[in-house]
Visitor: 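Mind looking over this structure? Questions follow.
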Amino acid sequence: MTSSAIAALAGLFAAAFGAATILPFQSEIVFVGVQVAGTSPLWVVVTVASIGNTAGSVVNYAMGLGIERVRHSRWFPVTEKQLDRAQGWYARYGVWTLLLSWAPFGDAFTVAAGIMRTRFWLFLTLVAIAKTGRYAVLAWITAQAMS
């Protein structure tokens, strides 16, 4: 693998990681760019993006575990209303909401999972399925558009 391919994958990992945290960031453009460049096998591109995005969700989960200490801080980027709403959904639909962790509002569910003390391995499994599925679908859509 060339150094430019490695750099592209590192950038993709960073973008995917950032997109999964509560930071306002998107990874789809970077993903598509790396896929279209064709410098790495598609399975590697999907794997790197999925691992980065899942790792970002683990940060949210960890924040949820310790949220009571920081929840009322001025800098905390999630409002009380957003947090209460996510906790309500999580209480109603349980861990299955983590299958929506790929969606724009899904970051709140990953924080709620930490607050609700979801077993880590269950959290990790469901989030990894959701994140990998998202990138697999994006890869397929991109491949169809390129053909």
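Along the sequence shown, residues are numbered consecutively beginning with 1. Heavy-atom basis, side chains included; hydrogens, waters and symmetry copies ignored. Just so it is clear, the structure is predicted and the values come from calculations on it, not from any experiment.
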Visitor: With sequence neighbours left out, write down each residue that passes side-chain contact (heavy atoms from CB on, under 4.5 Å) with Val36, or none if nothing qualifies.
Guide: Val32, Thr142, Met146

Visitor: Just verifying a value: how many Å separate Gln144 CD and Ile141 CD1, rounded to the nearest 0.5 Å?
Guide: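 Interatomic distance, Gln144 CD to Ile141 CD1, rounded to 0.5 Å: 9.0 Å.
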
Visitor: According to the side chain to side chain donor-acceptor pair (under 3.5 Å) rule, which pairs have a member within residues 35-54, sequence neighbours left out?
Guide: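 For residues 35-54, and leaving out neighbouring residues, the side chain to side chain donor-acceptor pair (under 3.5 Å) pairs sorted by first residue read Ser50-Thr132, Asn53-Lys131, Asn53-Arg134, Asn53-Tyr135.
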
Visitor: Once you round to the nearest 0.5 Å, how far does CZ of Phe109 lie from CD1 of Ile115?
Guide: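 These two atoms lie 12.0 Å from each other.
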
Visitor: Could you work out, with side chain to side chain donor-acceptor pair (under 3.5 Å) as the rule, every residue matching Ser147, not counting sequence neighbours?
Guide: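 With sequence neighbours excluded, Ser147 shows a side chain to side chain donor-acceptor pair (under 3.5 Å) to no residue whatsoever.
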
Visitor: Do you know the tightest heavy-atom contact between Asn60 and Thr21?
Guide: OD1-CA, 3.5 Å

Visitor: Any chain of hydrophobic side-chain contacts (each under 4.5 Å) joining Ile51 to Phe25?
Guide: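 Unlinked, Ile51 and Phe25 end up in two clusters.
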
Visitor: Are Leu65 and Val127 connected, step by step, through hydrophobic side chains (Ile, Leu, Val, Met, Phe, Trp, Tyr) whose heavy atoms are closer than 4.5 Å?
Guide: yes

Visitor: Could you list the residues that satisfy side chain to side chain donor-acceptor pair (under 3.5 Å) with Thr118, not counting sequence neighbours?
Guide: Tyr90

Visitor: Between side-chain atoms of residues 8-17 and protein atoms elsewhere (two or more places apart, or another chain), which donor-acceptor pairs fall under 3.5 Å?
Guide:
none

Visitor: Answer yes if Trp140 and Val45 sit in the same cluster of Ile, Leu, Val, Met, Phe, Trp and Tyr residues linked by side chain heavy atoms under 4.5 Å apart, and no otherwise.
Guide: no

Visitor: Can you give me the closest heavy-atom contact between Phe123 and Ala113, atom names plus distance?
Guide: CD1-CB, 3.7 Å

Visitor: Answer yes if Val137 and Val44 sit in the same cluster of Ile, Leu, Val, Met, Phe, Trp and Tyr residues linked by side chain heavy atoms under 4.5 Å apart, and no otherwise.
Guide: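 Not linked; separate clusters.
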
Visitor: If you look only at distance, which donor and acceptor atoms sit under 3.5 Å apart when one is on a side chain in residues 92-106 and the other is two or more places apart or in another chain?
Guide:
residue, atom, partner, partner atom, Å
Thr97, OG1, Gly94, O, 3.0
Ser101, OG, Leu98, O, 2.8
Trp102, NE1, Leu99, O, 3.2

